[in-house]
Structures are given as C-alpha cells and as structure tokens.
**Student:** 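Dropping the structure in here first, questions after.
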Amino acid sequence: MTLEAIAGQFSLEGTVLSIKPLGEGFINDTFTIKTGEGSPDYLLQRKNHLVFPDVPAMMDNIVAVTEHIKKKVADPMRETLTVVDTKDGKHYYKDEDGNYWAVCVFIEGTMSYFTADSPALAREGGIGIGRFQSLLSDFKTPLAEVIKGFHNMRWRFVQWDEALKADKAGRAASLATEIGWIESRREEMMKFQSLVEDGTIPTRVSHNDTKISNILFNASDRSVLCAIDLDTVMSSTVLNDVGDALRSYTNTAAEDEPDLSKVSMSMDMFKAYIEGYLSEAGSFLTPIEKEYLAFSGIFITFEQVLRFLMDYIDGDTYYKIKYPEHNLVRTHSQYSLLESMEAQYEEMKAFVKQF
Ligand code: GN1
Ligand code: MG
C-alpha cells in the first residue's frame, strides 16, 4: 500500500501535496504530510508493533491524555498533540500487512533539538516536563501499560538474565567488561526499584521518554511548547522522566558519540534543567521524590546502558542501528556519561537540596 493510500484513510483537511520521511526515531517511522494553503500539515507514523504489542491501547492512552491537557491550556491545538482519526473513527489504521499507522497534526512554528546547546534551553525543557506532569496530576483514568516493565529495573534484570543465558548472537563472551558494569551496580539499582515497589516513591502519570528530541520549542523565542512522542505515557514515577531528561540534556555529546573524551555530564545543564523542572513540579513532589532527583539521572542512564548492551547481546533486534557495532558504541558512550554523573553525584545532590 502506498503512503498516499494510507494517508487517505485518515480525516485530513486539504489536499495531500507530498509525504516525506522525517527524523531519527529509533523505534517508529515518521513522515510529514504537506497539504495546501489553509489546511494543517500532519505527521504520519508507522507504529512499531513489535515494540508496542497493543497499538490500539497505546492510542487510547494518547487520546485520553491529550484530551485532558486540551481542557486546561490556553491554546489546545499547540500545547499538546492532536490525534487525527481515520474516516471510520479509529485512532489508528491497520494496513493489509498488519502495520499500524497513526496521524497527528503538525504544529507550525516549532523547533526540536538533538542536544541542549544552552542552559536556557535545558531550563525550558525542565519547565516543559514539569508542566506536562502537573497538567496530568489530576488525571484519573487508568492507562494501559504499553510496554511491560518499561522502567522497572526488576523486569529489566529478568530480561537481562535471559539475554545473557540465551546469548543469541554469541557475543557475551567478548563482553566481560561491559557485563561487569551492569552487574556491579545491580544491587544499588534494585534498592531504588524497591522504593518504587513499596510505594515510598509514588506512581503518577509520566511520559517516560523525555529526551530533548521529544520536546517541541517555539521557534520564535525557544520557549518550551509541549512534550511530543506520547507513545510511552503510562503510570510510573516522575523520576523516570527527570532521569531520562538528565541523560539527554546534560550530555556534552550525542548519545552515540564514539569519541568518549567528548562525553561528560554538564553541571550547568543539570542545574538549569532542575531549576526549570522544579519551578513547575516543586509544588506537587513529595520530599522523597525530590531527594531522588539527582539519582534519577544515574538510574535511567544505567538503564540505557543495560538496554543498549542487551540489544547488542540479543543481536540488534530492538533499536534501529546505522552500522554493525552501533549498539556497542552507544553502550560505551552512555557508560561514559554514567561515570561522569557518578563522579558529580554529591554536587548534584547538594544543588537539589537548596530547593
Ligand atoms: C527510544 O522512540 P524514541 O526514539 O523517542 C526508546 C527510548 C530510549 C531512546 C534512546 C519506546 O526513543 O526508551 O531511551 O530510544 N523508546 C522506546 O534514544 O523504547
Ligand atoms: Mg518514543
């Protein structure tokens, strides 16, 4: 089926002029649909149903959450995503090959970034996620768990142990050092997981994939507009959002930078992100959540090292790769970031304490 025919399934305004690939998502394939003057442009996505086993439930989550946000903001068409239904009223289209497709309105006058180039941008990013969580703090509808145990370290270690045992690509023997990075931190990470499981750290609606490229900024003044890529919106802890954002905004290099001397955690970016975040979220966070803000960056960066390494061990089945060793390079790069965070942990904690 052509992209034009797929786009034709949705209730679009205007005439489709072109459909072109966009962006660098690791999971889904994204296209921009341009229409004529006077009608909006759109984003068309093929949702990866190997990663998201229940796309209809995921789309229900996204619609529920965005409708909730729309009721509260000044400009509902810009301050969150707008899902466009198919002509027969579904939030997705399933094609003849079993692929799932979804469309949302393209928001004009916005920018997105792959790395934070200034503390001001990091501060805005923090405001964006703090506001997102705050807008959803009274959201009561149960949300589907779109990916089982997404940031659940107990489950990640179950997968990890299985991956090592299966050793599908025959790579484990050559990875003793990297495997050691994971094992030496298992206990520390599980300790945090226990606090989530016993309710010490509360569960709230969170985004779960808050890297900077998943946030839109206004092109005019680089102020934050909204969080996009809502595929992983679920109940988890807000610390997962902060942690994943810290992993992204504070990194002085790209996530897959092969030159490890370029990779480190920027304390300036950390401070700016936390300041922005707490200006919105400070009012609803519990003291224990605040206490773990600095650790959240370490937790999610560790998880990312584990996930990239596990995918390499599995034979590169989850993340899209651009070259054969890509997942291993990502593993090393994220591990350098993790070590840099660990080295600056006391300073991070001391900064958060002032709030
Ligand atoms: C994926 O979907 P995307 O590209 O925004 C992944 C995140 C990882 C990220 C690493 C559903 O994000 O969890 O942190 O890659 N999303 C999923 O860049 O696994
Ligand atoms: Mg995503």
Side-chain angles (χ1 to χ4, degrees), residues 22-26 30 43 69 73-75 78-81 106-136 206-230 232-233 238-257 259 262-282 285 290 293-294 296-298 300-301 304 330 333-334 336-338 340-341 344 347-348 351-352 354-355:
L22 173 85
E24 296 254 327
F26 286 12
T30 308
L43 285 180
I69 294 176
V73 292
D75 190 347
R78 287 180 61 78
E79 290 179 56
T80 190
L81 290 180
F106 181 87
I107 307 173
E108 295 291 339
T110 57
M111 286 287 292
S112 57
Y113 302 87
F114 284 104
T115 49
D117 56 12
S118 71
L121 196 68
R123 186 173 293 106
E124 284 296 319
I127 291 172
I129 280 302
R131 191 176 293 157
F132 177 83
Q133 293 171 352
S134 154
L135 285 164
L136 291 168
S206 46
H207 181 288
N208 294 302
D209 189 6
T210 50
K211 61 182 178 186
I212 187 168
S213 57
N214 284 335
I215 306 293
L216 284 186
F217 298 84
N218 285 301
S220 54
D221 59 0
R222 304 194 355 141
S223 60
V224 72
L225 184 59
C226 62
I228 54 172
D229 188 1
L230 304 177
T232 52
V233 168
V238 293
L239 294 172
N240 293 329
D241 285 358
V242 176
D244 197 40
L246 293 175
R247 180 183 74 79
S248 158
Y249 287 77
T250 70
N251 194 347
T252 52
E255 187 178 78
D256 60 353
E257 173 58 55
D259 178 354
K262 293 185 180 158
V263 180
S264 64
M265 189 203 93
S266 156
M267 189 57 78
D268 287 346
M269 295 294 183
F270 173 82
K271 290 178 176 170
Y273 192 89
I274 292 291
E275 260 167 27
Y277 175 70
L278 286 177
S279 72
E280 293 282 332
L285 291 187
K290 268 188 210 158
L293 283 175
S296 74
I298 291 178
I300 295 291
T301 306
Q304 196 66 66
R330 286 167 171 154
S333 203
Q334 290 282 287
S336 288
L337 177 65
L338 176 61
S340 175
M341 285 179 169
Q344 299 179 81
E347 203 182 327
M348 286 196 272
F351 178 76
V352 177
Q354 305 167 57
F355 291 86

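Remember, it's a predicted structure, so these values are computed and weren't measured experimentally.
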**Student:** Is the Lys NZ or Arg CZ of K211 less than 6.0 Å from the centre of F114's six-membered ring, within 45° of the axis?
**Tutor:** no

**Student:** Would you say Q344 and S340 are linked by a side-chain donor-acceptor pair, where the criterion is simply a distance under 3.5 Å?
**Tutor:** yes

**Student:** Heavy atoms, side chains only, cut-off 4.5 Å: are I300 and L246 in contact?
**Tutor:** no

**Student:** Atom CG of L22 and atom OG of S112: how far apart are they, to the nearest 0.5 Å?
**Tutor:** 7.5 Å

**Student:** Roughly how far apart are S213 OG and F26 CZ, rounded to 0.5 Å?
**Tutor:** 8.0 Å

**Student:** When the ring planes of H207 and F132 are compared, do they come out parallel, tilted or perpendicular, using 30° and 60° as the limits?
**Tutor:** perpendicular

**Student:** Is the closest side-chain heavy-atom distance between F217 and L225 below 4.5 Å?
**Tutor:** no

**Student:** Testing L230, L81, T80 one by one against I69 for a side-chain contact (heavy atoms from CB on, under 4.5 Å), which residue passes?
**Tutor:** T80

**Student:** What distance do D209 atom CG and S248 atom OG have between them, rounded to the nearest 0.5 Å?
**Tutor:** 9.5 Å

**Student:** For residues E79 and C226, report the shortest heavy-atom separation together with the two atoms involved.
**Tutor:** O-CB, 3.2 Å

**Student:** Taking side chain as C-beta onward, heavy atoms only, is F355 less than 4.5 Å from L285?
**Tutor:** no

**Student:** Hey, mind stepping through S333 and D256 against side-chain contact (heavy atoms from CB on, under 4.5 Å) and telling me if it holds?
**Tutor:** CA-CA 6 Å; S333 203; D256 60 353; 5.6 Å; no

**Student:** Before you tell me yes or no, could you show the steps for N218 and S223 under side-chain hydrogen bond (donor to acceptor under 3.5 Å, both in side chains), namely the whole-Å CA-CA distance, both residues' side-chain angles and the distance that decides it to 0.1 Å?
**Tutor:** CA-CA 5 Å; N218 285 301; S223 60; 3.0 Å; yes

**Student:** Enter the distance from R123:CZ to Y273:OH here, rounded to the nearest 0.5 Å.
**Tutor:** 13.0 Å

**Student:** Is the side chain of D241 donor-acceptor paired with the backbone N or O of S206 at a distance under 3.5 Å, no angle test?
**Tutor:** no

**Student:** Are E347 and M267 packed together at the side-chain level, in the sense that at least one heavy-atom pair is separated by less than 4.5 angstrom?
**Tutor:** yes

**Student:** Going through the distances and angles, do I228 and I215 end up as a side-chain contact (heavy atoms from CB on, under 4.5 Å)?
**Tutor:** CA-CA 6 Å; I228 54 172; I215 306 293; over 6 Å; no

**Student:** Regarding R131 and the six-membered ring of Y277, is the cationic atom NZ or CZ under 6.0 Å from the ring centre and inside 45° of its axis?
**Tutor:** no

**Student:** Kindly compute the distance separating CG (L293) from CZ (F351), expressed to the nearest 0.5 Å.
**Tutor:** 11.0 Å

**Student:** So, do V242 and R247 sit near enough that their side-chain heavy atoms are less than 4.5 Å apart?
**Tutor:** no

**Student:** Taking all heavy atoms of A281 and all of G130, pick out the closest pair and write down the distance.
**Tutor:** CB-CA, 4.2 Å

**Student:** Can you tell whether the side chains of E108 and R78 come within less than 4.0 Å, N to carboxylate O?
**Tutor:** no

**Student:** Regarding D268 and K271, does a basic nitrogen lie under 4.0 Å from an acidic carboxylate oxygen?
**Tutor:** no

**Student:** Please check if the side chain of N208 supplies one atom and the backbone of V233 the other of a donor-acceptor pair under 3.5 Å.
**Tutor:** no

**Student:** Measuring only between side-chain heavy atoms, which start at C-beta, is M111 closer than 4.5 Å to L216?
**Tutor:** no

**Student:** Might you point out which heavy atoms bring V263 and S336 nearest each other, and give the distance in Å?
**Tutor:** CG1-CB, 3.8 Å

**Student:** Report yes if the side chains of E280 and Q133 come closer than 4.5 Å at any heavy-atom pair, otherwise no.
**Tutor:** no

**Student:** Quick check for you: to the nearest 0.5 Å, what is the distance between L337 atom CG and T252 atom OG1?
**Tutor:** 7.5 Å

**Student:** Check whether any side-chain N or O of S279 sits under 3.5 Å from a backbone N or O of G276 as a donor-acceptor pair, and report yes or no.
**Tutor:** yes

**Student:** Heavy-atom distance under 4.5 Å between the side chains of T250 and M341, does that happen here?
**Tutor:** yes

**Student:** Do S118 and R222 pass the side-chain contact (heavy atoms from CB on, under 4.5 Å) test, and can you show the C-alpha distance, the side-chain angles, and the key distance before you say yes or no?
**Tutor:** CA-CA 11 Å; S118 71; R222 304 194 355 141; 3.2 Å; yes

